[in-house]
Amino acid sequence: MPELIEIETYRRQAEPVVGRTIAAVPTLDPLGLRGVHPEEIRAELIGLTVTAARRIGKLLLLDTDGPTIGLRFGMTGRLIVDDSAEIDRLEYGANRDDRAWDRTVVEFDRGSLRVNDPRRLGGVELDPDLARLGADAASITDSALASALGDSAATLKSRLLDQRRVAGLGNLLVDETLWRAGFDPRRAAGGLTAAEVTRLAATIVDTVADLTQRGGSHTGDLQPARERGASCPRDGAPLDRRTVGGRTTYLCPAHQR
DNA sequence: ATTGTGGCCTGCCCGC
DNA sequence: TGCGGGCAGGCCACAA
C-alpha cells in the first residue's frame with residue numbers, strides 16, 4: 001500500500017471536499033466493508049456533510065456531521081478527487097486508471113471522490129476504532145517509541161510494522177529506516193538501549209520527512225537496491241534478502257547490527 | 001497475551 | 001505471442 005507519506009498526500013487531496021454534502025454512493029465494494037452490508041453504509045452516508053479530512057497512520061478520516069468515514073487503501077489503492085489523482089503511479093501498483101477498479105465512489109453535491117484499488121485490499125469503515133492505532137510515525141517521540149517497543153521479544157521490524165504500536169510505517173519505510181539507523185531488523189524489539197531508541201526515533205522522523213520531500217515511500221536510498229544480488233548503497237557489501245516479520249526484507253549485514 | 005503464519009485479492013513481470 | 005510462476009508498499013483471522 002501506500003504508506004503514511006502517500007496517505008498524507010491523499011489527505012491534502014481530500015481537503016477540498018470539506019463542506020460538501022454526499023449526494024450518492026454509486027459504488028461500494030462489499031469486499032472492503034468487513035461484513036457490513038453495502039446498503040447499510042450507503043444509507044448512513046447519504047446526506048452527510050464533510051467537516052474535516054484527517055490522517056492517522058495509514059488511515060484517512062473524513063469527519064462529517066454524522067459518523068466519521070475511515071478509508072484504507074490496502075497495497076494498491078489510490079485516491080481520486082474530482083477526477084484528478086495526485087499520485088498517478090504506485091510502486092507495485094497498476095499504472096492505469098481503470099474505472100472497473102473503483103471500489104468506493106462518493107458523489108457530492110459538487111464533485112466526487114473515489115478509491116481505485118485493483119487488488120481490493122482496502123476498505124471503508126464508519127467510526128473506526130482509533131484506539132487501535134499507535135503513535136503516528138511522522139512525529140513519534142523517544143518515549144512513545146520506547147513504549148511501542150516495550151520489552152517485546154518480537155523482532156524490531158514486526159513491531160514497527162504493527163499499526164497498534166506505531167502507525168503509518170509499511171515495509172519500505174521500515175527497511176529504509178532500519179538501514180539508515182544501522183539496526184538489524186531481526187533484533188528483539190525490547191532489546192534496544194535507551195540511546196538506541198532515541199536514535200531510532202530520530203531516524204524515523206527524519207526519514208519520513210526526507211522521503212516526503214522527495215515525493216514518496218519509494219524514494220529511499222535503499223530502494224534502488226531492493227532486488228536480488230544488489231549491494232549496499234552505503235558500504236558496498238552484498239545485501240541480504242530474507243523474510244522478517246512475514247515480509248520481504250533487505251538488509252546490509254555489514255552495517256546493520 | 002504475545003507472536004508467527006497463512007490467506008485474502010488481482011495485476012504485472014520474468015523466463016520458458 | 002502465450003502461459004505459468006512468483007512477486008507485491010496491508011491487514012486480519014487464527015493457531016500455538
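In what follows, chains carry the letters A, B, and so on, assigned in the order in which the sequence lines appear, proteins first and then strands, with residues in each chain numbered from 1.
Checking the phosphate oxygens (OP1, OP2) of dA8(C), a side-chain nitrogen or oxygen of Thr248(A) falls inside 4.0 Å. When the side-chain nitrogen and oxygen atoms of Arg247(A) are compared with OP1 and OP2 of dG10(C), one or more of them lie within a distance under 4.0 Å. For dT3(B), one of the phosphate oxygens OP1 or OP2 lies less than 4.0 angstrom from a side-chain nitrogen or oxygen of Arg159(A). Of the side-chain N and O atoms in Trp101(A), none sit less than 4.0 angstrom from OP1 or OP2 of dT10(B).
A donor-acceptor pair is defined here as one N or O able to donate and one able to accept, closer than 3.5 Å; such a pair exists between the side chain of Asp127(A) and the backbone of Thr68(A).
Sequence neighbours left out, the pairs with a member in residues 179-194 of chain A that pass salt bridge (Lys or Arg N to Asp or Glu O under 4.0 Å) are Glu176(A)-Arg180(A), Arg180(A)-Asp210(A), Arg180(A)-Asp221(A), Asp184(A)-Arg186(A), Arg187(A)-Glu196(A). Within the structure, the salt bridge (Lys or Arg N to Asp or Glu O under 4.0 Å) test picks out the following pairs touching residues 242-257 of chain A (sequence neighbours left out): Asp240(A)-Arg242(A). Sorted by first and then second residue, the pairs that involve residues 25-37 of chain A and meet side-chain hydrogen bond (donor to acceptor under 3.5 Å, both in side chains), not counting sequence neighbours, are Asp29(A)-Arg120(A), Arg34(A)-Glu125(A). Within the structure, every pair that satisfies the salt bridge (Lys or Arg N to Asp or Glu O under 4.0 Å) test and touches residues 137-161 of chain A, not counting sequence neighbours, is listed here: Lys157(A)-Asp175(A).
With hydrogens and angles left out, the side chain of Arg119(A) and the base of dC9(B) share a donor-acceptor pair within 3.5 Å.
Listed by chain and number, the residues in a salt bridge (Lys or Arg N to Asp or Glu O under 4.0 Å) with Glu15(A) are Arg11(A) (sequence neighbours excluded). In terms of the salt bridge (Lys or Arg N to Asp or Glu O under 4.0 Å) criterion, Arg132(A) has no residue partners (sequence neighbours excluded). Contacts of Arg103(A) classified as side chain to side chain donor-acceptor pair (under 3.5 Å), with partners at least two apart in sequence or in another chain: none.
Between the CD atom of Glu3(A) and the P atom of dG10(C) there is a distance of 5 Å, rounded to whole Å. Between Arg165(A) atom CZ and dC11(C) atom C1' the separation is 16 Å, expressed in whole Å. One interatomic measurement links the two molecules: CG of Asn116(A) to C1' of dC9(B), which rounds to 14 Å at whole-angstrom precision. With rounding to whole Å, Arg120(A) atom CZ is found 10 Å from dC8(B) atom C1'. What separates CG of Leu172(A) from P of dG10(C) is a distance of 7 Å, to the nearest Å.
On the P atoms, dC14(C) is 14 Å away from dC9(B), given to the nearest whole Å.
Side-chain proximity of Pro118(A) to dC9(B), dG11(B), dC7(C): nearest is dG11(B).
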Pairs under 3.5 Å (Watson-Crick or G-U), crossing ones as [ ], inter-strand ones as |: DNA chain C comes out as .|||||||.|||||||

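Near-neighbour residues of DNA chain B inside residues 132-155 of chain A, defined by a heavy atom below 4.0 Å, number-ordered: Ser152(A), Ala153(A), Ala154(A).
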